[in-house]
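Working notes for the structure below.
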Number of protein chains: 2
Amino acid sequence: LPVNDEFGLIRQWTNPYQSAALQKSLGVVVGIGDDAAVVELKSGFQLVLSSDTMVQDIHFNEKTMRMSDVGFKAMAAALSDLAAMGAIPKYALVSLTLPHSADMAMSQQLYEGLYSCAGKFGVAIVGGDTTSTRGGWIVTIQVTGEIEAGKALLRSSALSGDVVFITGHLGCSAAGLDYLNTDSTIKLDLNLDLNQSEAIRRLSDKHRRPLPQILAGRILLQSGGCHALNDISDGLASEAWEIAEASDLGILLHEPQIPFDPDLLLYAKLSGKAAMDWILFGGEDYQLIGTISKSQIEFVKREFERRQLEYHIIGEVTDLFTGVRLLKQDGKAVEVAKKGYNHFA
Amino acid sequence: LPVNDEFGLIRQWTNPYQSAALQKSLGVVVGIGDDAAVVELKSGFQLVLSSDTMVQDIHFNEKTMRMSDVGFKAMAAALSDLAAMGAIPKYALVSLTLPHSADMAMSQQLYEGLYSCAGKFGVAIVGGDTTSTRGGWIVTIQVTGEIEAGKALLRSSALSGDVVFITGHLGCSAAGLDYLNTDSTIKLDLNLDLNQSEAIRRLSDKHRRPLPQILAGRILLQSGGCHALNDISDGLASEAWEIAEASDLGILLHEPQIPFDPDLLLYAKLSGKAAMDWILFGGEDYQLIGTISKSQIEFVKREFERRQLEYHIIGEVTDLFTGVRLLKQDGKAVEVAKKGYNHFA
């Protein structure tokens, strides 16, 4: 192939999606096609930078995700880190490493998913890099957002006396993944009826196309009462531990307050597995977990309801211990294992 | 390993290098360790965003690079894209994908190289992502720079009548790579003397530790007379073609004006290979190629000399044809092949 085929392919993958006029309205001065992108930033704002990588056979495989899902989820996971700071997402770079055997239609599908997610959140894709490998697909998305100067919501800012909240049901992505990874003979043995099939389809969709909680992050930042915030990429246990350790405090989760998604309960029963394990240690739901002062609860609840967003209080921050404990139905508190999805496991 | 070992490792890899005070002086508000980094940007400036990926067995292997070289060069290649816009580099994210078999000392060496290069150019490493793969090492560096609003130097801005210049000797990296990839028995047959060994060591160093031409890019931007600019990552031919096509003009390179590095000539003779092939099609020297109005030549030359930077005029921009031609010693002009290093080849 001649040298400029790399550019030709990139044009083919990216041209159908964001027009020059749309990119201009998003603050793009120079987009895809030069050495680097040039963009505008609002004055009085700070930059928020993050990246997230998805690796074939680690984060996805041919059984669990279509290529368009890989694109969608790679972008969603990167944007979730901006949500967890309370930032407004603006720009993305796509660093794509293709297997030598890559089918070009698969790249096109990947980009379809990337743009689908970017479009939902007003994000301009402004550049990146394309390379090849003898291994599998690797997609790194770097995102740039803006945030009111000095207002970023950190992990380390929890205060004793805060309540702990989450922005939606947890464990669904892990349950969906469990089903997607199940052998087809076992799937047949489940002998699903229509309602069960629909429930499992919804769980699978939550694994394949999670939605970063950008709006929730913005409301929490604007409330002024949110102290610590984290996105739940590795499970409730792991993310609560991060806030507890960064803030040098204890988090007491109240088991009866943790909401269970009906689809999750249904599939847990069908599969004979524990829904609570998926909630605590499953990850990839990309909901937010945060801490907020008691005086702000009603204001934030009202704002969330007004936007039809979920909001569940599930525990409290304390200086009586450090780490994360689960207060069970029977009144006993047990330490929650500091584990979750770990790429070095 | 427990979940937080990922953070432990990242701390171990990154802690020795940039102090909190240093990062603060570079505008870092929130650095490594939260969901995303938060940084400051100068008002009146635009953001410049780029990323670059290095893949094991494509861009490097155990024969050609030490892990610290991989880190240094990955950062240098990413910063070179900012140099090619005339931007000031500021921040970097490191997205590292490790083989399952990775030796942790190798990651530490990689980071040593990353920080060594970042330190030379005042760049703060502010975050990233760490994942694992069944394949080889993959390092993606995303860089963020700032630039005076509206002043970015694009590929598409060449004007007929401009002269074409480069900021240093080309082909050295490719010659160094050629030697590093040579079988050891053939190396022994070369029977090198001390001067020859030193020359080849310098060529190898240029392959392993190229320097992005940040200062040259800044001088060119500030001169106001530089029109088009590109960094030479894929060889002179490919980059000249990019400027010619983006500007819809012709570039005539004058063969007698193209400088030959003495080490390059020495190794070309030793190996029986053509130095000009390395110059035109070798790549990875990360010098800049640009076009400038004739009236600015003396000013830029003086500024470059004052900073002890190289500056070679090697051709001209014309509207008499489109594409890239080489005017040979004998007065005949031949079209230069539009090829270079291509990951899809």
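Just so we're on the same page: letters track the sequence lines, and every chain starts at 1.
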*Any donor-acceptor pair under 3.5 Å from A:Gln46 side chain to A:Gly150 backbone*: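 Judged by distance alone, yes, a pair lies under 3.5 Å.
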*Does the A:Asp103 side chain pair with the main chain of A:Ala105, one donor and one acceptor, at a distance under 3.5 Å?*
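Yes.
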*asked:* Just so I understand: if I count every heavy-atom pair under 4.5 Å between each of B:Gly27, B:Ser50, B:Ala149 and chain A, which residue has the most?
replied: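 Highest number of heavy-atom pairs under 4.5 Å: B:Ser50.
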*asked:* I'd like to verify something: which residue of B:Gly127, B:Ser95, B:Ala246 has the highest number of heavy-atom pairs under 4.5 Å with chain A?
replied: B:Ser95
Could you look at [X] and say if it's the side chain, the backbone, both or neither that has a heavy atom under 4.5 Å from chain B?
X	result
A:Ser43	neither
A:Val55	side chain
A:Ala84	both

*Considering only heavy atoms and a distance below 4.5 Å, find which of A:Val39, A:Val38, A:Val94 pairs most often with chain B.*
A:Val39
_Option in A:Asn230, A:Thr144, A:Leu96, A:Leu82 with maximal non-hydrogen atom pairs under 4.5 Å from chain B_ = A:Asn230
*So what's closer than 4.5 Å to chain A heavy atoms on B:Leu93: side chain, backbone, both or neither?*
side chain
*Where does B:Val48 contact chain A at under 4.5 Å (heavy atoms): side chain, backbone, both or neither?*
both
*Set of salt bridge (charged side-chain N to carboxylate O under 4.0 Å, His left out) partners for B:Lys24, sequence neighbours left out*: none
_Could you report the tightest heavy-atom contact between A:Pro99 and A:Gly135, atom names first, then the distance?_
CB-O, 3.3 Å
